[in-house]
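Every number for a ligand or one of its atoms is a count from 1 in the order of the listing.
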Amino acid sequence: MNKVKNTLFSNKPVTIDNNALIMAIESSCDETACAVVKGGREVLSNVVASQIKIHEEYGGVIPEIAAREHLEAINVVIDEAFKQAGVNGDNISAFAGTVGPGLVGCLLVGMNAAKSLALAYDKPFIGVNHLNAHLAANFIDTDLKPPFVALLVSGGHTQIIKVNSYSDMQIIGETIDDAVGEAYDKVARLIGLPYPGGPKLDKLAQVGNPFAFKLPESKVGGYDFSFSGLKTASLRLVKSFTDKDLPLPLEDICASFQECVSSTLYKKVKHALEETGYTQVVLAGGVAANSEIRKKIFSLKDIGYSVYAPQMKYCTDNASMVASAAFFFENTFDNIDVEVFSRVK
Ligand code: KG4
Ligand code: ZN
C-alpha cells in the first residue's frame, strides 16, 4: 500500500507506506480526539476528550458549546497524542482531519488544527469523511481488506455500504427518517434515561425479555430503513403504562425495542451479503458497540461469513479511525482549500 501525497508549501512528495505515521484529529461532534497510527493498522496513541458530561445537562449536544470545548481541548489532546506515541511532528508522514459530515463549528477547530500542523511541519494534509473513518475502524489491528459489506450505524447515519475496493464504495441502503443511534437516544429519553441514552438502554435491555412486547419492524423495501414507526409504537407502549399510573417495565421495553431494531438490521445485512456474494461483513459506527446488534451480526459467522467489528474504544468517535481512513481510502480530500461540510451532498 503506497500512496504519494504532496505537501502544502514546498510540494515535496511524501510516500505513505506501511511504516508511515499519520497523526489525525477528530472533532465532528462532542469528542475532541487525536491519534498517531502506523501503517493504518497499528495505534501508537489514541487520545479522546469527551464532552458527554457537559452536554448531559442539556439532554443533547449544543453546537456552540461543543465548538468552544473543542478549542479548549485541542492543544491538550495533540500534545498528549505526540507524548504517548513518543514522536514529534518531524516523525509524522501526514496530518489528517475530519472535514465532515458533522457540526460545522466543531469540524473547523479540528480540521484547521490538522492543516496548521501540516503547514508547520511541511507535511501533506489529508481530509477525511467521518463515515469512511467509522468504516476504517475495522482496519485497526486486523488484516481486513475489501471487498466487504458494511453496516454503518451511528447517531446520525444508518447505511448499508458495498465496499468494493479502497476507492470504490456504494451506499446501497439507508434510513429514510431517523438513524439507529437517534432512535435509541429518543426512546431512551422517553423512558427517562439521561443523554446519551443508547448505551444505557442497551444495558437495561440485557436483563429484560426481548419478546415481552411486539414492536413493529421497519417495512420499507430493499436495503432502506425506517425507524419512525417504531418510535411512535414505543411512545404508545410507554403511554399505555403511564396513562394508568402503572410502573414502566423498563427492562422489558428496552429488550423488546432492541430485539426489533437488531433483527431488522440483521435481516437486511444478510440479504445484502446474499445478493452481493461478498463473504465479509463489517459493523461500524457508535451503535456498533450495542451488545445485541453485535451478537446478531456475529452470528453470521455460524453460516460461513467473516465478521468484523471495531474494538469498543474504536466504535464511538476517535481519531485512530480517521488516521486509518486517511491511510487506506483513496476518496480523501487532499487539498489545503477543502472546506468543512455539515451533510453529505
Ligand atoms: O458514531 P457516534 O459516536 O456518533 C456519530 O457519529 O453519530 O455514535 C453515537 C451514537 C449515540 O446515538 C449513542 O447513543 C449510540 O451511538 N450508542 C449506542 C451504544 N453505544 C453508543 N446505541 C446503542 N447501544 C449502545 N451500546
Ligand atoms: Zn461518529
Side-chain angles (χ1 to χ4, degrees), residues 24-33 35 46 48-52 55-56 59-61 63 66 70 97-103 106-107 110 128-138 150-159 174-175 178-191 193-208 210 227 230-231 234 253-255 257-262 264-265 282-297 309-322 324-325 341-344:
I25 296 177
E26 155 62 39
S27 67
S28 63
C29 189
D30 56 351
E31 263 94 27
T32 322
N46 182 60
V48 184
S50 173
Q51 305 176 3
I52 283 183
H55 299 295
E56 214 169 45
V61 178
H70 284 304
T98 307
V99 295
L103 301 168
C106 298
L107 288 162
V128 169
N129 177 312
H130 183 75
L131 304 179
N132 289 350
H134 273 300
L135 296 185
N138 284 282
L151 172 65
L152 174 68
V153 276
S154 75
H157 296 84
T158 304
Q159 298 176 337
E174 56 193 328
T175 179
D178 289 351
V180 177
E182 199 179 347
Y184 262 91
D185 293 340
K186 284 180 180 167
V187 170
R189 185 201 273 248
L190 191 72
I191 56 175
L193 304 176
Y195 168 87
K200 297 170 186 99
L201 197 160
D202 181 13
K203 233 189 183 141
L204 289 171
Q206 289 174 44
V207 289
F227 294 104
L230 172 61
K231 202 176 57 191
S234 306
I253 292 175
C254 292
F257 172 84
Q258 184 138 299
E259 176 60 26
C260 183
V261 173
S262 55
T264 303
L265 296 174
V282 320
L283 194 52
V287 189
N290 183 269
S291 62
E292 188 58 31
I293 296 172
R294 278 179 103 91
K295 195 165 123 202
K296 284 204 172 58
I297 299 296
Q311 296 164 48
M312 289 298 189
K313 63 183 168 197
Y314 303 128
C315 283
T316 43
D317 291 350
N318 66 87
S320 295
M321 66 183 194
V322 179
S324 187
F341 58 91
S342 60
R343 293 181 165 275
V344 184

- Sub-4.0 Å heavy-atom approach of His157 to ligand 1: no
- Task: Check whether any heavy atom of Cys29 sits under 4.0 Å from an atom of ligand 1.
- Result: no
- Message: Quick one about Gln258 and Asp202 (side-chain donor to acceptor, distance below 3.5 Å, no hydrogens or angles considered), yes or no?
- Response: yes
Number the atoms of ligand 1 from 1 as they appear, then name those within less than 4.0 Å of a heavy atom of [X], with their elements.
| X | value |
| --- | --- |
| Tyr184 | 23 (C) |
| His130 | 6 (O) |
| Ala289 | 20 (N), 26 (N) |
| Asp185 | 11 (C), 12 (O), 13 (C), 14 (O) |
| Gly181 | 12 (O) |
| Asp317 | 1 (O), 2 (P), 3 (O), 4 (O), 6 (O) |
| His134 | 1 (O), 6 (O) |
| Gly156 | 7 (O) |

- Message: Within this structure, what is the CD1-SG distance for the pair Ile191 and Cys254, rounded to the nearest 0.5 Å?
- Response: 3.5 Å
- Item | Metal site angle (apex the Zn ion (ligand 2)), OD1 from Asp317 and NE2 from His134, 10 degrees | 100°
- Item | Which segment of Asp202 sits under 4.0 Å of ligand 1 when only heavy atoms are counted | side chain
- Message: Can you tell me which portion of Glu31 lies within the under-4.0 Å heavy-atom range of ligand 1? Options are side chain, backbone, both, or neither.
- Response: neither
- Verify the distance test for His130 against the Zn ion (ligand 2): any N/O/S atom under 2.8 Å, yes or no. yes
- Message: Test your reading of the structure: does Gly155 have an N or O sitting under 3.5 Å from an N or O of ligand 1?
- Response: yes
